[in-house]
There are 2 protein chains.
Amino acid sequence: MNIGKAAAASGVSAKMIRHYESIGLIPAPARTEAGYRTYQPQDIQRLVFIHHARELGFSIPQIGTLLALWSNQNRASQDVKALASQHLAELDRKIGQLQAMRMTLEQLIYACQGNQQPECPIMEHLSTSGNRK
Amino acid sequence: MNIGKAAAASGVSAKMIRHYESIGLIPAPARTEAGYRTYQPQDIQRLVFIHHARELGFSIPQIGTLLALWSNQNRASQDVKALASQHLAELDRKIGQLQAMRMTLEQLIYACQGNQQPECPIMEHLSTSGNRK
DNA sequence: TTAAAGCTTGCCATGATGGTAAGGTCAAGC
DNA sequence: GCTTGACCTTACCATCATGGCAAGCTTTAA
């Protein structure tokens, strides 16, 4: 299977497959005489795994760890759970940050008249030096 | 005022002040004979404005627009409001994405025993090819 | 006078991904 | 057989905002 098919089958773009190979996340596959990469079914499984992990927001280094656990028959599910929990905490942190922005911004938008006049609480907020609780 | 003081006064790092200058977000300030940048109070105001806008998550191009509106006496608050609303929508989109990840991940973590055994719903989710609603 | 702190520019790195360019290869149709 | 188009290859550049480091100059304080 060439890289195009592998990309379509796994949901990972050809570009990213090459990238993952270059950073060592996936092993370098066999090549045809012409130099084309050829993928086996288990390579596709690995790519699918990566794709799903990316959908959940895991970073590439985390996915490296997950892949190692995946191919380890003696893994303890608590290790997987710990990594996932760590990522969950990170997601919560990011969501919290964005929601804090969202909250302030929404209030400012609500308070803004949105007319032809220049007066605007949003601008005032941005230019005000201090006292922003 | 040198760049260090300007950084401390505005909350924008010296590094970023130089960067903003290099991309044209702020005008190049006067220099001393030795080549040191010297900032005026209005420059600090501008930096404070940028800092606050970054805290709300506005992108640099958006901040460029906001700065233009800021220094425009004839601005209409509806223009500011429109830009802010656009950004709010973007925040909502990102929050939604993260929350979708969060939701799935939390369920998987909940279902995982977290013991010494290898069986793990998280791993199953990642390796399963399809049917992930 | 000397040492420390601060400034200068320039380059490199992040993280995950996209784009583009220049060229080689393969398969199908004529 | 030859052309065409789809596919592959590598290599480089771009994003976005920020940090770090290095080599060298300037200012300040002891």
Side-chain angles (χ1 to χ4, degrees), chain A residues 1-26 28-39 43-44 46-47 49-67 86-87 90-91 93-94 97-98 101, chain B residues 1-26 28-39 43-44 46-47 49-67 86-87 90-91 93-94 97-98 101:
Chain A
M1 210 194 282
N2 283 347
I3 199 170
K5 292 267 176 70
S10 67
V12 179
S13 73
K15 189 89 186 185
M16 291 313 296
I17 295 177
R18 294 193 195 98
H19 178 62
Y20 292 153
E21 179 187 330
S22 80
I23 62 175
L25 188 66
I26 55 176
R31 303 270 187 138
T32 66
E33 287 188 4
Y36 284 23
R37 290 172 179 80
T38 56
Y39 295 90
D43 298 327
I44 306 303
R46 199 175 177 89
L47 289 170
F49 184 98
I50 293 171
H51 183 207
H52 291 169
R54 287 292 306 137
E55 281 179 343
L56 289 182
F58 285 101
S59 69
I60 268 71
Q62 284 176 324
I63 295 174
T65 305
L66 286 172
L67 283 170
Q86 198 181 320
H87 179 47
E90 180 64 17
L91 283 177
R93 200 187 58 78
K94 286 185 189 165
Q97 273 189 350
L98 293 180
M101 292 178 184
Chain B
M1 210 194 283
N2 282 347
I3 199 168
K5 293 267 176 70
S10 66
V12 179
S13 73
K15 189 90 187 184
M16 291 312 296
I17 295 176
R18 294 193 195 98
H19 177 62
Y20 292 154
E21 178 188 331
S22 80
I23 61 174
L25 188 65
I26 56 176
R31 303 270 187 136
T32 66
E33 287 188 2
Y36 282 24
R37 291 171 176 80
T38 56
Y39 294 91
D43 297 327
I44 307 304
R46 200 177 176 88
L47 290 170
F49 184 99
I50 293 171
H51 184 207
H52 291 170
R54 286 293 306 138
E55 281 178 345
L56 289 182
F58 284 101
S59 69
I60 267 71
Q62 283 175 325
I63 294 174
T65 305
L66 286 172
L67 282 169
Q86 197 181 320
H87 178 48
E90 181 63 14
L91 283 177
R93 198 187 59 77
K94 285 184 189 165
Q97 272 190 349
L98 293 180
M101 291 177 184

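Because the structure is a prediction, the values reported are computed rather than measured.
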Residues which pass side chain to side chain contact (heavy atoms under 4.5 Å, CB included) with [X], listed by chain and number, not counting sequence neighbours:
X: S22(A); answer: H19(A)
X: A9(A); answer: I44(A)
X: Y20(A); answer: V12(A), M16(A), I23(A), L25(A), I26(A), I50(A), R54(A), I60(A)

The criterion is side chain to side chain donor-acceptor pair (under 3.5 Å); which residues satisfy it with [X], sequence neighbours excluded?
X: E90(A); answer: R93(A)
X: T65(A); answer: none
X: S59(A); answer: Q62(A)

Rounded to whole Å, the OH-C1' distance (Y20(B) to dC16(D)) equals 11 Å
Measure all distances between protein nitrogen or oxygen atoms and nitrogen or oxygen atoms of nucleotides 11-14 of chain D, and list the pairs falling under 3.5 Å.
unit_1  : atom_1 : unit_2 : atom_2 : d
dA11(D) : N6     : K15(A) : NZ     : 3.4

Contact under 4.0 Å: [X] side-chain N or O vs [N] OP1/OP2:
X: R37(B); N: dT26(D); result: no
X: R31(B); N: dT26(D); result: no
X: S13(B); N: dG19(D); result: yes

Restricting to nitrogen or oxygen on both sides, can you table the protein-nucleotides 23-25 of chain C pairs closer than 3.5 Å?
unit_1  : atom_1 : unit_2 : atom_2 : d
dG24(C) : N2     : Y36(A) : OH     : 2.7
dT25(C) : O4'    : Y36(A) : OH     : 3.2

Within the structure shown, what part of the strands sits under 4.0 Å from T32(B) by heavy-atom distance: base, sugar-phosphate, or nothing?
nothing
Between the protein and nucleotides 28-30 of chain D, list every N/O to N/O distance that falls short of 3.5 Å.
none

Walking DNA chain D from its 5' end, the first of M16(B) and G4(A) to be reached, judged by nearest nucleotide, is G4(A)
Partners meeting salt bridge (Lys or Arg N to Asp or Glu O under 4.0 Å) with E21(B) (sequence neighbours left out)
R31(B), R37(B)
